[in-house]
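These numbers were taken from a predicted model, which means no experiment stands behind them. Residue numbering restarts at 1 for every chain, and letters A, B, ... go by the order of the sequence lines.
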2 protein chains.
Amino acid sequence: MNGGPNKPRGRDRVMSEAAALFVQQGYAATSLRQIAEAVQIKAASIYHHFDSKEDLFGTVLNQGIAVMVDAFERAAALDQPMDDQIKQHVRAHLGALFEHGPFTAAHVTAFFTAPPPVRAAAIPARDGYEKLWNDLLRVAFADLSDSDVHLHRLILFGAMNTTIEWFDPKGTLTLDQLADAIATQFLTGVTS
Amino acid sequence: MNGGPNKPRGRDRVMSEAAALFVQQGYAATSLRQIAEAVQIKAASIYHHFDSKEDLFGTVLNQGIAVMVDAFERAAALDQPMDDQIKQHVRAHLGALFEHGPFTAAHVTAFFTAPPPVRAAAIPARDGYEKLWNDLLRVAFADLSDSDVHLHRLILFGAMNTTIEWFDPKGTLTLDQLADAIATQFLTGVTS
DNA sequence: GTCTATAACATGATAGAC
DNA sequence: GTCTATCATGTTATAGAC
């Protein structure tokens with residue numbers, strides 16, 4: 001039984017505190033001293049775990065993707081009608097963003113604040129996740145062209161990822177309701 | 001006749017070069033020396049036009065809102081069926097993002113990288129723009145609750161604003177087509 | 001695995017000449 | 001309105017003790 005969120009130790013602790021700060025402030029505005037303070041160590045100690053600030057951030061980005069891919073694959077295991085499958089995957093994506101640590105959130109909000117080399121290194125894994133979605137939607141909308149599927153996936157991703165800027169998991173709207181609203185708007189529009 | 005995009009001079013030039021850099025790199029990663037280099041002046045000269053880096057960025061943010069509000073109001077002047085009105089406003093919002101200088105883009109991509117005081121100062125104007133949309137959508141979807149209208153506006157904004165991360169105005173997809181795709185997905189879903 | 005001390009550099013900002 | 005020169009501070013990163 002996993003009774004609660006055991007705070008990670010050592011390297012993992014550095015990663016998750018760093019990710020949380022990158023989410024709030026972006027890459028450049030977050031200093032190693034700030035991260036160290038959150039972990040309750042000194043800045044120089046971070047270099048025992050990571051080669052550089054860029055290395056640390058690259059690791060955070062990759063972890064963010066891994067969380068998303070993992071969520072997608074667990075949602076894919078369920079066999080359901082296509083509309084429900086899509087809704088499950090929207091829910092899984094939002095779960096990765098809000099319920100599985102700050103890594104995916106860091107990927108979404110801080111990706112474009114990263115130095116170009118760090119961004120470039122994260123792109124292959126990112127493409128892999130996007131391919132999972134493209135394949136799903138190609139099946140769901142078999143009558144659409146590949147470029148239309150791609151376009152509507154981008155619009156859907158925009159809708160999902162921007163929730164990080166305003167959705168409050170402790171508010172009255174639940175994640176299930178949010179996933180439902182986004183999936184419905186995606187599938188049948190607002191008027192339905 | 002405005003034959004072409006005359007490069008602005010003086011203070012305006014500083015603002016637009018700064019906005020372009022803030023879009024690409026965020027607030028913290030953009031230095032005054034970088035901005036000065038783009039304007040072809042020295043960093044200290046920026047202080048003749050602005051009190052501080054925060055002042056400069058705050059001015060950029062406000063200009064970004066002003067461009068959006070202006071685009072919205074010119075779209076509102078047209079009297080059309082509601083679905084076309086919404087499509088016109090989506091097109092206007094995207095126009096503000098891609099066709100009227102880097103100010104609106106800076107607002108969208110760099111707003112959350114700004115120091116909290118700067119962000120706070122920009123919120124009233126930002127709220128004003130969001131109210132324009134809420135009022136429009138309340139009329140369009142009179143059967144929905146205010147909170148549902150608000151929710152679906154947030155989802156729509158996410159879809160529109162994230163296009164800044166991937167849409168290429170020089171690519172094969174035109175802004176009109178993009179606006180059409182987003183408005184259609186919003187109004188009737190992907191399947192239509 | 002964490003510390004202290006420090007190097008090497010970049011940053012925002014100011015003073016004052018022209 | 002722009003410049004040069006400079007200050008004070010904060011940054012990433014390294015060296016070496018414990």
Using atom [atom1] of [X] as one end and atom [atom2] of [N] as the other, report the distance to the nearest whole Å.
X	N	atom1	atom2	result
Glu37(A)	dG10(D)	CD	C1'	14 Å
Arg13(A)	dG1(C)	CZ	P	15 Å
Tyr47(B)	dG16(C)	OH	P	17 Å
Ile46(B)	dG12(C)	CD1	P	9 Å
Leu56(B)	dT11(C)	CG	C1'	15 Å
Leu32(A)	dA13(D)	CG	C1'	9 Å
Ile35(B)	dA13(C)	CD1	C1'	14 Å
Glu54(B)	dA13(C)	CD	C1'	12 Å

Under 3.5 Å side-chain donor-acceptor pair for His48(B) and Arg11(B):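 No donor-acceptor contact under 3.5 Å links the two side chains.
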
I'd like to know if Arg33(B) pairs up with Glu37(B) as an ion pair, taking the criterion as any Lys NZ or Arg NE/NH1/NH2 lying under 4.0 Å from an Asp or Glu carboxylate oxygen.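 Salt bridge: no.
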
Between Asp127(A) and Lys131(A) (salt bridge meaning N to carboxylate O under 4.0 Å), is one present in this structure?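 No salt bridge links Asp127(A) with Lys131(A).
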
Establish, with yes or no, whether the OP1 or OP2 oxygen of [N] is under 4.0 angstrom from a side-chain nitrogen or oxygen of [X].
X	N	value
Lys53(A)	dT12(D)	yes
His48(B)	dC3(D)	no
Ser45(A)	dG1(C)	no
Ser31(B)	dA10(C)	no

Quick one: does NZ or CZ of Arg138(A) land under 6.0 Å from the six-membered ring centre of Phe141(A), within 45 degrees of the ring axis?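 Geometry flag: not set, cation outside 6.0 Å or 45°.
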
Quick one: sort the Tyr129(B) and Phe72(B) rings into parallel, tilted or perpendicular, breaks at 30° and 60°.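 Judged by the thresholds at 30° and 60°, the geometry between Tyr129(B) and Phe72(B) is perpendicular.
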
Tell whether Arg33(B) reaches the base of dG12(C) with its side chain through a donor-acceptor pair below 3.5 angstrom.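 Flag set: donor-acceptor pair detected.
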
Of Ala28(A) and His49(B), whose nearest nucleotide on DNA chain D comes first from the 5' end?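 Whichever sits nearer the 5' end wins; that is His49(B).
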
Quick check for you: among dT4(D), dC3(C), dA13(D), whose closest atom lies nearest to any side-chain atom of Ile41(A)?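 When the side chain of Ile41(A) is considered, dC3(C) is the closest of dT4(D), dC3(C), dA13(D).
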
Out of dC3(C), dA13(C), dT12(D), whichever nucleotide has its closest atom nearest the side chain of Lys42(A):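 So the side chain of Lys42(A) is nearest to dC3(C).
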
Answer with base, sugar-phosphate or nothing: what part of the nucleic acid does Ala43(A) contact at a heavy-atom distance below 4.0 Å?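 Result for Ala43(A) = nothing.
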
